[in-house]
Amino acid sequence: MRRDVTFFTASRSAVRYDETIREWLAQYKYRGNERLAPLLGRFLCSAYDRLIRELRQTYGDIRFEAVIPVPVSAERRMERGFNQAEQLSASVAVHAGLPLVHGLVRVRHSGKQSYKSRIDRIQDTKTLFAGEASVLEQFLRYRLSCTSSSIPLRLLLVDDIYTTGSTVNACAEAVTTALRRIEPSLSLELYVLTLARS
């Protein structure tokens, strides 16, 4: 089963999801070893730099305007004590000099995606996220006050693992829907950056 529509322009990952990265992410996410965050963040920043170089070779002076982390459910945040995508996003935001915009909410708790088949992941992520309307509106109004609306708004979604792309596509759809409600004619490009690709 494939998606009918993809709501992001392109995705890039820092590394392949191999045994070493799997163990590091398990230590980080499930065993609370947050000392790994700076190292994983550096991997992601390196991938960001490669993405920017690639885009500038094709499009010239291109830049992103904000970084948006993929949210976890309230239950998952309570369980872990943090959102790994938020911490990774913060590394990229600081490195790139971009605002970190919490423009998404997870509207329901779902089981761990790693235990699901491709079809189940695609089905499960539908309506799993919503744009945080007030946050996105405030960001968009500020952006429109200082930048021409003819220039595409380029946003970077950040998560830890890209498997089927279902999670990030659902997030991209939620952000697109929310922003187009505010500004229907908005020119928007969403890119995805993840630590690992499986």
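Numbering starts at 1 and runs along the sequence shown.
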Could you tell me if the side chain of [Y] sits less than 4.5 Å from the side chain of [X], heavy atoms only?
X: Glu173; Y: Val5; result: no
X: Arg154; Y: Thr9; result: no
X: Ser91; Y: Leu44; result: no
X: Phe7; Y: Val175; result: no

Looking at [atom1] of [X] and [atom2] of [Y], how far apart are the two atoms once the value is rounded to the nearest 0.5 Å?
X: Ile68; Y: Cys171; atom1: CD1; atom2: SG; result: 9.0 Å
X: Tyr191; Y: Ile62; atom1: OH; atom2: CD1; result: 4.5 Å
X: Leu179; Y: Arg143; atom1: CG; atom2: CZ; result: 10.0 Å
X: Asp61; Y: Ile52; atom1: CG; atom2: CD1; result: 9.5 Å
X: Leu55; Y: Glu189; atom1: CG; atom2: CD; result: 8.5 Å
X: Met78; Y: Glu75; atom1: CE; atom2: CD; result: 9.0 Å

Please answer: with hydrophobic residues joined when any side-chain heavy atoms are less than 4.5 Å apart, are [X] and [Y] in the same cluster?
X: Phe43; Y: Val192; value: no
X: Leu190; Y: Tyr162; value: yes
X: Val158; Y: Phe8; value: no
X: Leu100; Y: Leu157; value: no
X: Leu128; Y: Leu136; value: yes

Closest non-hydrogen atom pair, [X] against [Y]:
X: Ala66; Y: Val101; answer: CB-CG2, 3.7 Å
X: Tyr142; Y: Ser145; answer: O-OG, 2.5 Å
X: Glu183; Y: Leu140; answer: CB-CD2, 3.7 Å
X: Leu104; Y: Pro69; answer: CD1-O, 4.0 Å
X: Tyr28; Y: Gln84; answer: CE2-CB, 3.5 Å
X: Ser13; Y: Thr194; answer: OG-OG1, 2.6 Å

Counting neighbours of [atom1] on [X] that are heavy atoms of other residues, nucleotides or ligands and sit closer than 6.0 Å, is the number greater than 12?
X: Arg50; atom1: CZ; value: yes
X: Gln27; atom1: CD; value: yes
X: Arg31; atom1: CZ; value: yes
X: Arg56; atom1: CZ; value: yes

- Item | Parallel, tilted or perpendicular, as decided by the 30° and 60° cut-offs, for the rings of Tyr48 and Phe64 | tilted
- Task: Assess whether side chain to side chain contact (heavy atoms under 4.5 Å, CB included) is satisfied between Leu51 and Leu156, documenting all intermediate values.
- Result: CA-CA 11 Å; Leu51 173 61; Leu156 190 64; 4.1 Å; yes
Between the side chain of [X] and the main-chain N/O of [Y], is any donor-acceptor distance below 3.5 Å?
X: Arg12; Y: Leu193; answer: no
X: Arg180; Y: Leu186; answer: yes
X: Ser46; Y: Arg42; answer: no
X: Arg106; Y: Pro71; answer: yes

- Task: Could you tell me whether Arg80 and Glu34 make a salt bridge, using a distance below 4.0 angstrom between a side-chain N and a carboxylate O?
- Result: no
- Item | Stepwise side chain to side chain contact (heavy atoms under 4.5 Å, CB included) check, Phe129 with Val70 | CA-CA 9 Å; Phe129 302 95; Val70 170; 4.2 Å; yes
- Among Thr164, Thr163, Asn169, side-chain hydrogen bond (donor to acceptor under 3.5 Å, both in side chains) partner for Ser166: Thr164
- Task: Report the C-alpha separation of Arg141 and Ile182 in whole Å, then their side-chain angles, then the decisive distance to 0.1 Å, and conclude whether the side chain to side chain contact (heavy atoms under 4.5 Å, CB included) test is met.
- Result: CA-CA 9 Å; Arg141 295 295 173 217; Ile182 301 163; 3.3 Å; yes
- Go through the steps to decide whether Arg77 and Glu86 satisfy the test salt bridge (Lys or Arg N to Asp or Glu O under 4.0 Å), and finish with yes or no. CA-CA 11 Å; Arg77 185 182 278 278; Glu86 187 178 310; 2.6 Å; yes
- Positive for side-chain contact (heavy atoms from CB on, under 4.5 Å) with Thr167, one of Asp160, Asp159, Ile161: Asp159
- Message: Walk me through whether Leu188 and Leu155 qualify under side chain to side chain contact (heavy atoms under 4.5 Å, CB included).
- Response: CA-CA 8 Å; Leu188 176 65; Leu155 302 174; 4.0 Å; yes
